[in-house]
Amino acid sequence: MRIAVVGSGYVGLVTGTCFADLGHEVALVDNDEKKLAALRQGEVPIHEKFLPELLARHRGNRIKFSGDLQAATRASEAIFIAVGTPPTESGDADMSYVESVAREISGAVDGYKVVVEKSTVPVYTNNWIRTIILRNGADPELFDIASNPEFLREGTAVTDFLYPDRIVIGVESERAAEIMRRVYDPLTSGWYYGRGDAIPRPDRAQTPPRLITTSAQSAEIIKHASNAFLAMKISFINAVASICEATGANVQQVCEGIGADSRIGPRFLNPGIGYGGSCFPKDLLAFRAVAKEGGYDFRLLEEVIRINEEQRHRFLKKVRSVLWTLRGKRLGVLGLAFKGGTDDIRESPALLLVEELVREGCRICAYDPAAMERAKEVLPTNVEYAADAYSAAKGADAVLILTEWEEFAALDLERLRSVVRYPIVIDGRNLYDPAAMTAHGFSYYSVGRPPAVCEENGRAKKQERA
Ligand code: UGA
């Protein structure tokens with residue numbers, strides 16, 4: 001099929017590239033000429049597993065980069081809108097980019113086409129896109145609007161796209177449904193999974209994926225409600241972690257106990273310093289705004305947001321209670337990205353904590369496997385950066401783990417112990433077994449688990465019960 005994807009940001013780039021890998025002819029459209037030139041030259045602007053391989057496989061061949069939205073629309077059966085919907089001051093999504101794309105598409109509707117919302121958008125956006133396209137003169141018989149939300153996680157977006165839990169298509173006509181089914185047929189028919197050069201299957205993947213057909217409004221709500229539910233799961237376990245800290249219980253054991261109930265499930269129950277990123281914080285605000293507009297005061301979401309913010313302050317309090325005073329303390333910070341496996345620092349709780357620690361007078365030496373360049377642009381200039389975790393920890397009064405990178409869960413603890421000033425680790429992501437840390441002479445503080453403290457001479461004083 002011939003498909004246009006509008007917007008070469010994170011969602012558009014992954015979506016367009018994966019469509020090409022499914023055998024479609026893709027025009028990836030953007031109005032930023034510099035971005036297009038970089039993509040044509042082979043640059044890969046985001047840190048995303050398998051994306052460089054797939055782009056190299058299809059660039060200039062099944063995927064072309066274009067600045068001409070009207071030409072791409074004329075040449076395509078389906079046009080996916082994947083432009084940004086940043087939050088406005090009041091929390092609702094700014095839809096002006098979507099509107100201007102709809103306006104431009106209108107002039108090029110010369111045969112039947114489906115215009116698909118891929119960006120995360122408020123419910124009824126499909127109606128607005130339809131209205132704008134009609135207002136600008138397109139024939140109502142020649143197009144339909146569909147909603148096809150994405151459930152991609154940064155870092156694993158390509159795998160999430162090709163091995164999805166489900167594909168949701170929100171459509172209002174059989175004609176549109178037929179086109180959407182054809183777009184995803186390489187996945188739903190299982191064809192892709194039999195290919196020798198398919199991207200490797202992740203552990204939990206069930207193939208072929210289920211295709212869920214709904215109304216456009218339902219599809220829009222599915223996206224917001226999914227993200228809100230996941231954020232709620234994280235805030236819930238973070239609240240439980242606080243109760244564990246107050247009562248001496250161990251949140252890891254609690255998670256094992258509750259996650260074993262198949263109705264709850266063990267995933268997305270990792271407590272920490274709170275969720276961040278470009279999706280959850282923004283989408284929760286937008287969903288709350290959508291609810292408010294519909295006359296429903298969704299206060300549960302406010303509480304989810306409040307618990308998330310509090311989680312950072314609780315961590316800061318923990319650092320203070322371990323180190324007593326903060327002014328002049330040297331801290332080795334491991335992690336700046338909002339989660340492991342990405343260079344994205346948007347709404348990163350790690351970054352917000354570093355800023356606060358600097359304000360309190362700490363001297364920070366940070367290391368992140370991918371996000372340091374981006375962090376340098378926004379963090380205070382007196383933050384130092386190291387080439388690896390051990391250099392960041394050198395001479396540190398304490399080491400702070402702020403992002404769940406796999407490499408931080410596999411540190412050489414002997415080596416770490418030999419470089420720090422004091423063997424103290426404060427872990428905001430619960431990457432270590434407390435008993436293993438004291439066995440290596442560390443005092444170890446994590447989230448929702450009893451502290452595992454070594455005496456100053458390095459002997460374990462109080463070890464956590466298994
Ligand atoms: C999230 C959703 O998981 C995707 O399904 C969705 O498509 C995407 O938003 C989006 O709307 O575009 P993403 O923002 O990439 O994906 O990141 P997640 O892996 O969901 O993590 C979000 C945050 O929650 C991170 O800061 C992470 O550290 C935190 N988290 C996650 C926890 O604190 N605990 C957990 O158990 C899981």
Side-chain angles (χ1 to χ4, degrees), residues 1-7 11-12 15-16 18-20 22-31 62-64 66-83 85 93 95-150 167-189 211-223 290:
M1 292 178 76
R2 298 185 70 149
I3 294 176
V5 177
V6 193
V11 173
T15 302
C18 288
F19 279 157
L22 298 185
H24 300 309
E25 297 284 325
V26 179
L28 194 61
V29 184
D30 206 290
N31 58 7
R62 278 216 289 270
I63 185 162
K64 305 236 162 62
S66 162
D68 190 342
L69 174 54
Q70 295 212 330
T73 300
R74 275 191 285 271
S76 303
E77 283 178 86
I79 300 100
F80 285 75
I81 304 181
V83 297
T85 54
M95 302 304 295
S96 56
Y97 299 110
V98 175
E99 180 176 349
S100 69
V101 168
R103 211 178 301 129
E104 214 175 320
I105 285 175
S106 175
V109 178
D110 58 356
Y112 183 72
K113 295 168 195 309
V114 183
V115 178
V116 192
E117 314 160 342
K118 196 74 181 153
S119 312
T120 300
V121 292
V123 68
Y124 291 130
T125 301
N126 66 90
N127 285 350
W128 273 113
I129 296 178
R130 184 173 183 79
T131 306
I132 298 300
I133 295 181
L134 285 175
R135 247 181 222 168
N136 287 279
D139 178 343
E141 291 303 311
L142 289 187
F143 75 97
D144 273 310
I145 311 295
S147 167
N148 172 220
E150 53 83 18
I167 297 164
V168 174
I169 53 170
V171 282
E172 301 300 342
S173 77
E174 182 44 37
R175 212 148 55 133
E178 172 55 24
I179 287 194
M180 294 305 288
R181 281 196 291 267
R182 275 174 48 220
V183 168
Y184 285 104
D185 182 71
L187 296 179
T188 53
S189 67
L211 185 92
I212 300 174
T213 307
T214 68
S215 69
Q217 279 90 333
S218 299
E220 288 163 335
I221 296 266
I222 285 169
K223 170 66 191 188
V290 164

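If you're wondering where the values come from, they're calculated on a predicted model, not measured in any experiment.
In this structure, the side chain to side chain contact (heavy atoms under 4.5 Å, CB included) partners of T85, at least two apart in sequence or on a different chain, are A93, M95, V98, S119, V121, K282. Evaluation of the side chain to side chain donor-acceptor pair (under 3.5 Å) rule for T131 yields no partner, not counting sequence neighbours. Residues satisfying the side chain to side chain donor-acceptor pair (under 3.5 Å) criterion with Y97, sequence neighbours excluded, are absent altogether. Under the side chain to side chain contact (heavy atoms under 4.5 Å, CB included) criterion, A75 pairs with R2, sequence neighbours left out. Looking at residues two or more places apart in sequence or on another chain, you find a ring pair (Phe, Tyr, Trp, His ring centres under 6.0 Å) between F80 and F19. Under the side chain to side chain donor-acceptor pair (under 3.5 Å) criterion, N31 pairs with no residue at all, not counting sequence neighbours. Partners of E174 according to the side chain to side chain contact (heavy atoms under 4.5 Å, CB included) rule, which considers only residues two or more places apart in sequence or in another chain, are A177, E178, R181. Contacts of T214 classified as side chain to side chain donor-acceptor pair (under 3.5 Å), with partners at least two apart in sequence or in another chain: none. Applying the side chain to side chain contact (heavy atoms under 4.5 Å, CB included) criterion to T120, with sequence neighbours excluded, gives E150, K223, H224, D283.
When atom types are taken as modelled, the side chain of E172 and the backbone of I145 share no donor-acceptor pair closer than 3.5 angstrom. Listed for the D30 side chain is no donor-acceptor partner under 3.5 Å among the backbone atoms of V6.
I81 contributes atom CD1, which lies 4.5 Å from atom CD1 of I105 (distance to the nearest 0.5 angstrom).
Contacts classified as salt bridge (charged side-chain N to carboxylate O under 4.0 Å, His left out) and involving residues 128-139 (residues at least two apart or in different chains) are not found. Listed by first and then second residue, the salt bridge (charged side-chain N to carboxylate O under 4.0 Å, His left out) pairs that reach into residues 110-119 are D110-K113, sequence neighbours excluded. Listed by first then second residue, pairs satisfying salt bridge (charged side-chain N to carboxylate O under 4.0 Å, His left out) with a partner in residues 69-83 read E77-R182, not counting sequence neighbours.
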